[in-house]
Amino acid sequence: MKCRVCREPAIIDIRRHNANFCVEHFLRLCRDQVAKAIDRFDMLQPGERVLVAVSGGKDSLALWDILGELGYEAHGLYLGLGIGDYSDASGEAVRAFARTRDLPLIEVDLRDHEGFDVPTAAAASRRSPCSACGLSKRHLFDRVALDGGFDALATGHNLDDEAAVLLGNLVKWEVDYLARQRPVLPAGDGFPRKIKPLVRLTERETAAYCVVRGIDYQVDECPMAAGNRQLRLKETLNDLERRSPGAKHDLYFRFLDRAVDRFVDPPPEDAGDPPSASVGRCDECGAPTTAAVCAYCRLRATARRAEPVALAPTRRRR
Ligand code: Q46
Ligand code: ZN
Ligand code: ZN
C-alpha cells in the first residue's frame, strides 16, 4: 500500500478518495479538507477568533488542533457536565491537550457555575439526559461565545454525524431541522455564528488524525447516551458506504448543493415554547426566547431545586 502523493508506505486507505496516504500526506489531507470546508462555506475569515467547543473526544480535539495548524486563534471551551467519571476523564483529556500545546482553555462546570449537573437536570425535568444536556450546551456555548467576543463557535461534527442526522431527518421529513442542517449558521440576535469545519472528514479519519498526532482523547462513550438512534443510522450508512464508497459524502453534500435551500429556516428554537409566538428576551438571562423565561433558565431552576443524582461509577477503558 503506497501513498498516492509520494509513493512511500501508506498508513491509511480512504476508499471514497480511492487512495492511500502516508503520515505526512494524511495530515496534509486532513488540514486541506478542513481548509476547504471553511473556504467553501465562508465559515471563517483570516484573523478571526474562534471558540471551539471541546468535549475531550477525538473530533473536537482534532478540530482544535487543525484550526491552530491553519493559523486561527482558537480558544477551547469545555463544559463540565457532571456525568460521573466520564466527565472527569473527558475534562482531564481536554486539560492535558491544552497544557501540552499551551492553548487557551475556558472551563465552565455546570455544578460549580450553574448549580446543577446533567443527570440531576434530566431526572428533575423528566427530559432525556441528551435533551437536558443539549439544551444546556447550546445555551452556554452561545453565552460564552458572545460574552468573549468570538467571531464564531466551532463544533466537531464530522461527516458521519451530519450524514446520520440528515438521514434521520429525511426518514421523518423533519422540515424545520432540514432547513437548519447547514455547516454554517450565521450570527443572529443573541446567537454567535456556528460552524462545523470537520464536515469533510469522517470519524475514522479524525480518530486516525489523533493517533498520528499523539492526541490522547476520551475513547469511552457517554454512559447517558440512551436509545442510540444515531448509532443505528450510522451503522446503516456504514453498510451503504462499504458497498458504495462516497455514499455518505454524496448524501450530505448533494443535499447541501441541491436541496437545503428548498426548506424554510424556522425562527430560533427554544425547546418547549410555542412555535408561533414572537421572539423576545428571557427575563432572567436576556437570551432570545418565545416565553418570559427561556427553556434553559427554566431547566436550571428545576434542577437546582432537586436533590443531586449520584451516578454509579462506570468501568473505565483508559
Ligand atoms: S454528552 Fe450529553 Fe452527549 Fe452524553 S448526555 Fe447525551 S448529549 S450523549 S454528545
Ligand atoms: Zn506521502
Ligand atoms: Zn434565560
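We number each residue from 1, following the sequence as shown. Both ligands and their constituent atoms are indexed starting at 1 by order of listing.
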Practice problem: May I ask you to test the Met1-Asp13 pair for a side-chain heavy-atom distance under 4.5 Å? | Solution: yes

Quiz item: Which angle, to the nearest 10 degrees, do you find at the Zn ion (ligand 2) between SG in Cys22 and SG in Cys6?
Solution: 110°

Quiz item: With the Zn ion (ligand 2) as the point of reference, which N/O/S atom of His25 is the closest?
Solution: ND1

Quiz prompt | Six-ring centre of Phe253, Arg200 cation under 6.0 angstrom, axis tolerance 45° | solution = yes

Quiz item: On the ring face of Phe150, is Arg49 found with NZ or CZ under 6.0 Å from the centre and within 45° of the axis?
Solution: yes

Quiz item: Hey, is Arg242 close enough to Asp239 for a salt bridge, meaning N to O under 4.0 Å?
Solution: yes

Exercise. Answer with yes or no whether Lys137 contacts ligand 1, where contact means a heavy atom under 4.0 Å from a ligand atom.
Key: yes

Quiz item: Has His139 got an N, O or S atom lying less than 2.8 Å from the Zn ion (ligand 3)?
Solution: no

Practice problem: Answer yes when Asp65 and Arg31 have at least one side-chain N-carboxylate O distance shorter than 4.0 Å, and no when they do not. | Solution: no

Self-check item: Angle at the Zn ion (ligand 3) (to 10°), with one arm to SG of Cys297 and the other to SG of Cys285
Solution: 110°

Practice problem: Just jot down the ligand 1 atoms closer than 4.0 angstrom to any heavy atom of Cys133, in number order. | Solution: 1 (S), 2 (Fe), 5 (S), 7 (S)

Exercise. Please determine if atom 6 (Fe) of ligand 1 has an N/O/S atom from Cys130 lying under 2.8 Å away.
Key: yes

Quiz prompt | Enumerated ligand 1 atoms positioned under 4.0 Å from heavy atoms of Cys222 | solution = 1 (S), 4 (Fe), 5 (S), 8 (S)

Quiz item: Counting from 1, what ligand 1 atoms have a heavy atom of Ala225 closer than 4.0 Å?
Solution: 8 (S)

Quiz item: Is a side-chain donor-acceptor pair under 3.5 Å present for Thr202 with Glu205?
Solution: yes

